[in-house]
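One structure below.
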Amino acid sequence: MAIKTQKGTKDVLPEENAQWKKILDSAYKIFRQANFKRISTPIFEATELFQRGVGDSTDIVNKEMYSFDKNGHSLTLRPENTAGVVRAFLEHTMQRDIQPVKLWYFGPMFRYERPQAGRQRQFHQIGVEMFGSEDASADADCIYTAVKFFESVGLQNLSVELNSLGCNDCRDKFRAKLKALIEPHLDSLCEDCKKRFETNPLRILDCKNPDCKDVFEKNQILEKLSKLELCEECSNHYEKLKSYLDMLNVKYVENPFLVRGLDYYTRTVFEVKSENLGSQNAVCGGGRYDNLVETLGGPHVPAVGWAVGMERLYSLTEKVEEPKLDYFVVSDNIKEALKLANELRSKDKTAELDYSSRKFAKQIEKAGKISNYAVIVGENELEQGTLTVKNLNTFEQQTVNREEFLKSL
Ligand code: ATP
Ligand code: MG
C-alpha cells in the first residue's frame with residue numbers, strides 16, 4: 001500500500017510556494033525595518049525546556065507534545081518557539097549584547113491536536129521576540145510590527161484584542177474571585193476545566209468547549225467576574241500601551257477576559273482575529289513574559305513577543321502564481337540546448353530545456369505552457385550563429401545573432 005502523509009500534516013506543494021515566499025519576503029522586509037534579526041533554533045529540544053517554559057499545566061504540555069526518548073534523554077518536537085528562543089538567548093549570553101535584543105523566527109511546530117480546518121499537527125509559525133525592555137513602548141512596537149506585517153501581505157478585516165493580566169499580585173485576586181464564581185458549577189464543566197480549576201483556573205476562560213461556554217453564559221460568570229483590577233504600576237503600563245497604540249493608529253478592542261493558553265504571560269496579552277476564518281479565527285497571539293527568562297534559569301530579562309500561524313495567514317492571503325519562465329530552449333541538439341540554457345541563466349534569466357531531441361512542435365507546445373519565449377536552435381541557426389526567438393504569447397518570431405542577443409541581456 002502506498003504510504004501517505006500522517007494525519008494533521010500537509011505537503012506544501014510547489015504551486016503554493018510563490019504565496020509562501022511572498023509572505024516570507026514581507027516578513028524579512030518588515031522585520032528588518034524594525035531591526036528584528038532572524039534566528040533558527042533546533043526543531044527538537046529537551047522535554048524539560050517546554051515543561052518549565054510553556055508550563056506544566058498547559059494543554060500544550062499536558063496533551064499536545066510529541067515526546068520521545070533517545071539514549072535516556074526525553075526529547076520533544078517543539079510545540080512553539082518562544083521557549084527555544086529564550087534557551088538560545090541564555091546559551092549565547094545575549095543579555096550582554098546591545099539591548100533590547102530583537103529576534104524573529106519561522107519554522108514548523110508540532111502539536112498533537114485534533115486536526116480540523118485551520119488546525120494541524122505540524123504547522124508553521126512566524127514570530128518575533130524582544131528581550132530587555134520593560135517599557136510599554138516595546139509592547140506597542142511589537143504589536144504595531146504585527147499590524148504592519150499583516151497589512152504588507154494584504155490582510156483585511158482584522159481585529160486586535162487587548163488585555164493586561166497584570167503581575168502575580170494582580171492575578172491572585174482575580175483568580176480567587178473566578179474560583180469562587182466557578183466552584184458551584186464545577187460539576188457541569190469539562191474534565192479539562194475541572195483539572196484547570198486546581199492547576200490553573202484562569203485557563204478556564206480560554207476553554208473552547210461549547211458546554212463550558214454555555215455554563216459561563218447561563219450563570220453570567222463573566223459579568224459577575226468583571227475585569228481584573230490592576231495594581232498602580234501595571235495599570236500605568238497598560239494605559240501607556242494604549243496611548244502608544246492610539247498614537248500609532250492601531251485599532252484595538254479591549255477584551256478583559258482574554259487570557260491566552262500559555263503560562264508565561266505577564267501584563268500585556270493580545271490576539272489578532274480575522275472575520276474571514278471559521279471557528280479557528282485567531283491568526284496571531286502574543287504578549288509580555290517578564291518572568292520566563294528567569295524561569296529558564298537566567299537573570300531577570302523582561303520580554304514581549306507574538307506568533308502567527310503561517311497556514312492561517314496563507315488561507316487569508318491572495319493566491320500568487322509563480323511567474324512563467326523567461327526562456328525555453330528548443331533544439332534537437334541536446335548539448336547546444338544545455339549550453340544555451342545555462343548561458344541564459346548566467347545572464348540572470350530563468351531558462352529551461354527539454355532534455356530531449358524530440359520534435360520541435362512538441363517542445364514548443366510545452367514551452368508555451370511554462371515560458372514566455374522559446375529560443376530555437378535548429379541546424380540552420382547553428383550553422384549561421386543565430387537564434388530564433390519566438391514570443392509565445394503573440395507567436396511573433398525573429399532571428400537574431402546569437403552573440404549579440406546574449407550580450408543584449
Ligand atoms: P488556538 O487558540 O487556535 O489553539 P493557540 O492559542 O494555541 O491557538 P498560539 O500557541 O498562541 O495558539 O499560536 C499562535 C498562532 O499559531 C495561532 O494564532 C494560530 O494561528 C497558530 N496555530 C496554533 N496552533 C495551530 C495548529 N494546531 N494548527 C495551525 N495553526 C496553529
Ligand atoms: Mg491551541
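Counting convention: from 1, in listed order, for ligands and their atoms alike.
Salt bridge status for Arg114 with Glu64: absent, with no side-chain N to carboxylate O gap under 4.0 Å. A salt bridge between Glu254 and Lys227 is absent, with no side-chain N of the basic residue lying under 4.0 Å from a carboxylate O of the acidic one. Ion pair Asp192/Lys63 flagged as a salt bridge, since at least one NZ, NE, NH1 or NH2 atom sits closer than 4.0 Å to an Asp/Glu carboxylate oxygen.
Glu311 places a side-chain N or O within donor-acceptor distance of the main-chain N or O of His124, the cut-off being under 3.5 Å.
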Let me see the working for Lys102 and Asp97 under salt bridge (Lys or Arg N to Asp or Glu O under 4.0 Å), right down to the final yes or no. CA-CA 11 Å; Lys102 299 169 78 175; Asp97 298 348; over 6 Å; no
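A search for side-chain contact (heavy atoms from CB on, under 4.5 Å) contacts involving Asp25 returns Lys21, not counting sequence neighbours.
Sorted by chain and number, the heavy-atom contacts of ligand 1 below 4.0 Å come from Arg111, Glu113, Gly118, Arg119, Gln120, Phe123, Gln125, Lys208, Arg260, Ala282, Val283, Cys284, Ala307, Gly309, Arg312.
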